Amino acid sequence: MSRNHHVSGIGMTSARTRDRLINRLRSEGIRNETVLERIRTVPRHLFVDEALASRAYEDTALPIGFGQTISQPYIVALMTEALIEKLRPGKQLKKVLEVGTGCGYQTAVLAPFAQHICSVERLQPLILRARKRLGELQINNVTLLHADGLRGWKSQAPFQGILVAAAPTETPQNLLNQLDEGGHLIIPVGMRGEQRLHRITRRGDTFENEELGLVSFVPLVGGTDG
Ligand code: SAH
């Protein structure tokens with residue numbers, strides 16, 4: 001990243017621009033003030049291409065290359081809020097699995113709410129870029145892995161939370177298996193154009209399912225890029 005990128009970022013990332021985004025998320029129903037404050041603080045413009053930086057604080061998904069997108073801030077806020085809803089103030093989830101690191105923006109937003117994040121991405125170039133960005137922001141409680149998230153991350157399980165940023169057509173059994181007692185799996189499920197966001201909570205051997213609304217994610221694709 002060039003020095004210019006940082007400097008030219010200042011104008012478009014003014015307090016007013018960020019306040020506008022936060023007010024919008026609030027009007028769309030995001031209630032958790034700690035999550036809103038985190039969205040305000042994380043420099044989203046550093047996760048997108050320089051050419052798109054002026055749009056980084058709009059509530060919209062933007063392309064990050066390789067046919068993938070940085071999630072819409074509202075969706076990142078909604079998923080984060082759903083994951084940590086029952087957490088007492090100042091407490092952290094022990095270990096969270098994220099499937100679909102992408103550019104690492106959701107990872108950065110989530111970082112203070114977990115002691116550790118294990119994040120899996122199937123496209124190697126995105127992993128390299130995310131690692132660089134998270135390093136620059138001194139976010140150090142994240143382990144990134146180039147792997148197929150459909151398998152979860154067995155050696156690191158169980159997870160107190162699992163957050164999936166790409167949509168399978170059915171909830172993967174591996175992810176259910178790797179969820180800790182009382183843990184939440186936040187996942188979009190369904191075909192393109194008819195995906196719903198779910199919060200699935202483990203209660204012993206049964207799984208409670210809540211629907212959080214219609215969403216639009218890139219598809220979860222099995223395997224990796226090599
Ligand atoms: N979390 C990102 C958005 C990522 S977009 C953000 O904060 O903006 C979804 C990502 O999921 C893409 O990068 C895509 O490559 C990845 N993905 C799709 N299928 C996957 C799989 N089976 N395992 C791991 N990552 C996957």
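On a predicted model such as this, the values are computed, not experimentally measured, just so you know.
Residues Val99 and Leu163 are not in side-chain contact: their nearest non-hydrogen atoms beyond the backbone lie 4.5 Å or more apart. Side-chain contact check for Phe66 versus Ile64: every heavy-atom pair is 4.5 Å or farther apart. Looking at Leu128 and Lys132, their side chains never come closer than 4.5 Å, going by heavy atoms from C-beta outward. The closest side-chain heavy-atom distance from Phe113 to Lys91 is not below 4.5 Å. Looking at Trp153 and Leu145, their side chains come closer than 4.5 Å, going by heavy atoms from C-beta outward.
Ion pairing of Arg26 with Glu33 is present here, as a side-chain N (NZ or NE/NH1/NH2) and a carboxylate O approach within less than 4.0 Å. A salt bridge links Asp59 to Arg24: one of the charged nitrogens lies within less than 4.0 Å of a carboxylate oxygen.
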Might you work through the side-chain contact (heavy atoms from CB on, under 4.5 Å) test for Glu208 and Ile200, ending with a clear yes or no? CA-CA 5 Å; Glu208 206 175 280; Ile200 298 169; over 6 Å; no

Can you check side-chain contact (heavy atoms from CB on, under 4.5 Å) on Thr107 and Leu134, steps first, answer last? CA-CA 8 Å; Thr107 325; Leu134 294 170; 4.2 Å; yes

Go through the steps for Leu93 and Phe159 under the test side-chain contact (heavy atoms from CB on, under 4.5 Å), then give the verdict. CA-CA 9 Å; Leu93 294 169; Phe159 300 99; over 6 Å; no

Assess the residue pair Ile70 and Arg44 against the criterion (side-chain contact (heavy atoms from CB on, under 4.5 Å)); give the C-alpha distance rounded to whole Å, side-chain angles, the decisive distance to 0.1 Å, and a yes or no. CA-CA 9 Å; Ile70 180 171; Arg44 191 168 183 258; 3.6 Å; yes

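Between Leu46 atom CG and Cys103 atom SG the span is 10.5 Å, to the nearest 0.5 Å. Going from atom OG1 of Thr224 over to atom CG of Leu123 covers 8.5 Å, rounded to the nearest 0.5 Å.
Distance alone, capped at 3.5 Å, is enough to place a donor-acceptor pair between the Gln92 side chain and the Ala114 backbone. Arg202 contributes a side-chain N or O that, together with a main-chain N or O of Gly204, makes up a donor-acceptor pair within less than 3.5 Å.
Side chains of Asp180 and Gln160: a donor on one and an acceptor on the other come within 3.5 Å. Side-chain N/O atoms of Thr143 and His116 include a donor and acceptor closer than 3.5 Å. With 3.5 Å as the limit, one finds no donor-acceptor pair spanning the side chains of Gln178 and Asn174. Between the side chains of Lys95 and Gln115, not a single donor N or O lies within less than 3.5 Å of an accepting N or O.
Here the shortest heavy-atom pairing between Ser119 and Val142 reads CB-CG1, 4.5 Å.
In the hydrophobic cluster analysis, where Ile, Leu, Val, Met, Phe, Trp and Tyr join through side-chain heavy atoms closer than 4.5 angstrom, Ile127 is grouped apart from Leu150.
The ring-ring contact (aromatic ring centres under 6.0 Å, His included) search around Tyr105 returns Phe47, not counting sequence neighbours.
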